[in-house]
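So the structure is just underneath, and the comments pick up after that.
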Amino acid sequence: MNALLCTDVLDVLCPMHLTLNATGHITHAGPTIQKMRADVPMVGQRFLEVFVVKRPRSIADMNDLRQATDLKLHLELRDAPRTELKGIMVPATAADGSMIVNLSFGISILDGVRDYSLTNADFAATDLAIEMLYLVEAKTAAMEASRRLNLRLQGAKIAAEEQAFTDTLTGLKNRRAMDTVLSRLVAGNSSFAVMHIDLDYFKAVNDTLGHAAGDHVLQNVARIMVEETRDTDVVARVGGDEFTVILPDVRSDDILRRVGRRIIDRLEEPMPFNGQECRVSASIGTVWIQSGDHPSMEALLSNADVALYASKHAGRARQTLYSPELRDSANAGILPIGRSERLNKH
């Protein structure tokens, strides 16, 4: 077989092969290995100037390399991206000392395909690398499909959880969400406040103008409460016309008085509905938990109810801050009206 025919055959069967002469110069490069150095022809260069022999470590020159026939070589291209290759060297002819080196990527095939834009046409048809590429592509496609499915499932889970914590009429948080937030705050050691808000005269709106008007009022009330509180506050609808505002990181009761007054003032403004005016007001019972206090959630909500009842008893459309005296008066059946007025008229 002449040399031309031999290289033509090797280019098909071993597209990553090199032929070397007795001095170690590259005399022919297969199409794929040359494609990896498209800008620098390999023919004419010394093999050991193009490749670093990483194993066997005993190889220092061409004489050592010639003795390593039939051994697996671990090589690395000297130029970036310094691709690692596997190789085996065999004598081409016994007469002139020429050698044939067949190379492959081994486990670095994915990097090779990416770095050099290789396709199946760059490998021998029987090369298992092709099968590996197909498997990798199939695995990648399956993983991508799995990722998209997981994202959809995660999105559905988040949506379901959000729905479970949301009041459908107003878009506010619901009682379940309120319980979750309060449980976290009660377990902590920071100051926060809870406002229990009940709408005054809401039943009259429902009875005279209908439930559509009542829904309109509830939606407006929700919007106003969100507008008059901070982004970090939680506004929840916990009953038909009952709301709770949770205010983390409260430093003074003056803040609570101002927030309560803004909510009360705005809710007293008439709300137009189908040519009619819906009129409500708000009574508020507020509990301020300071750093170091550790009430139970049940006691906290009960205290807010006591303060709310004091506001109702004092004439509605006002806020009452809870104090132990309110509890004592409530247990005795007497509520200190003057305290509620004093807390709100300042």
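Counting from 1, the numbers follow the sequence of the chain as shown. We use all heavy atoms of the structure for the numbers below, so side chains are in, but hydrogens, waters and symmetry mates are not.
Counting only distance, with no hydrogens or angles, the side chain of Arg237 and the backbone of Gly239 share a donor-acceptor pair below 3.5 Å. In this structure, Ser311 contributes its side chain and Thr320 its backbone to a donor-acceptor pair below 3.5 Å. Looking only at distances, a side-chain donor or acceptor of Arg230 sits under 3.5 Å from a matching main-chain atom of Pro248. Proximity of a side-chain donor or acceptor of Arg78 to a complementary backbone N or O of Leu48 within less than 3.5 Å is detected.
Contact check for Ser323 versus Leu326: side-chain heavy atoms found under the 4.5 Å cut-off. Looking at heavy atoms from C-beta onward, Met271 lies out of side-chain contact with Glu277 at the 4.5 angstrom threshold. Residues Arg46 and Met62 are not in side-chain contact: their nearest non-hydrogen atoms beyond the backbone lie 4.5 Å or more apart. Here the side chains of Leu65 and Leu73 are in contact, with some heavy-atom distance below 4.5 Å. By the 4.5 Å heavy-atom criterion applied to side chains, Thr7 and Thr27 are not counted as neighbours. Two residues are said to be in side-chain contact when any heavy atoms from C-beta on lie closer than 4.5 Å; His17 and Asp11 meet this criterion. Residues Pro295 and Asn303 are not in side-chain contact: their nearest non-hydrogen atoms beyond the backbone lie 4.5 Å or more apart. Within the 4.5 Å cutoff, the side chain of Val113 has no heavy atoms near those of the Phe105 side chain.
Between the side chains of His196 and Glu242, at least one donor N or O sits under 3.5 Å from an acceptor N or O. For the residue pair Asn150 / Arg147, no side-chain donor-acceptor distance below 3.5 Å is found, with atom types taken as modelled. Remark: the Asp215 side chain and the His211 side chain contain no N/O donor-acceptor pair separated by less than 3.5 Å. With no hydrogens or angles considered, a side-chain donor-acceptor pair links Asp200 and Ser283 at under 3.5 Å.
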(message) Assess the residue pair Leu103 and Phe51 against the criterion (side-chain contact (heavy atoms from CB on, under 4.5 Å)); give the C-alpha distance rounded to whole Å, side-chain angles, the decisive distance to 0.1 Å, and a yes or no.
(response) CA-CA 11 Å; Leu103 303 170; Phe51 297 92; 3.9 Å; yes
(request) Before giving the answer on side-chain contact (heavy atoms from CB on, under 4.5 Å), spell out for Asp64 and Asp61 the whole-Å C-alpha distance, their side-chain angles and the decisive distance to 0.1 Å. (result) CA-CA 5 Å; Asp64 295 334; Asp61 54 32; 3.3 Å; yes
(request) Walk me through it: do Arg175 and Asp179 pass the test salt bridge (charged side-chain N to carboxylate O under 4.0 Å, His left out)? (result) CA-CA 6 Å; Arg175 180 176 290 275; Asp179 290 343; 5.1 Å; no
(request) Using the side-chain contact (heavy atoms from CB on, under 4.5 Å) rule, take Asn189 and Ser291 through it: C-alpha gap first, then chi angles, then the decisive distance, then the call. (result) CA-CA 6 Å; Asn189 192 38; Ser291 180; 4.2 Å; yes
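Note: Asp265 CG to Ser281 OG = 11.0 Å, rounded to the nearest 0.5 Å. For the atom pair Leu10 CG and Leu18 CG, the distance stands at 10.5 Å (nearest 0.5 Å). In this structure, the separation between CD1 on Ile264 and CD1 on Ile284 is 4.0 Å, given to the nearest 0.5 Å. If you take CG on Asp111 and CZ on Arg114, they are separated by 4.5 Å, rounding to the nearest 0.5 Å.
Just one residue in the list Leu267, Leu172, Thr244 forms a side-chain contact (heavy atoms from CB on, under 4.5 Å) with Met225, and that residue is Leu267. Arg262 pairs with exactly one of Glu268, Glu269, Glu228 by the salt bridge (charged side-chain N to carboxylate O under 4.0 Å, His left out) rule, that one being Glu228.
Under the ring pair (Phe, Tyr, Trp, His ring centres under 6.0 Å) criterion, Tyr116 pairs with no residue at all, not counting sequence neighbours.
Remark: Arg258 does not engage Asp254 in a salt bridge, criterion side-chain N to carboxylate O under 4.0 Å.
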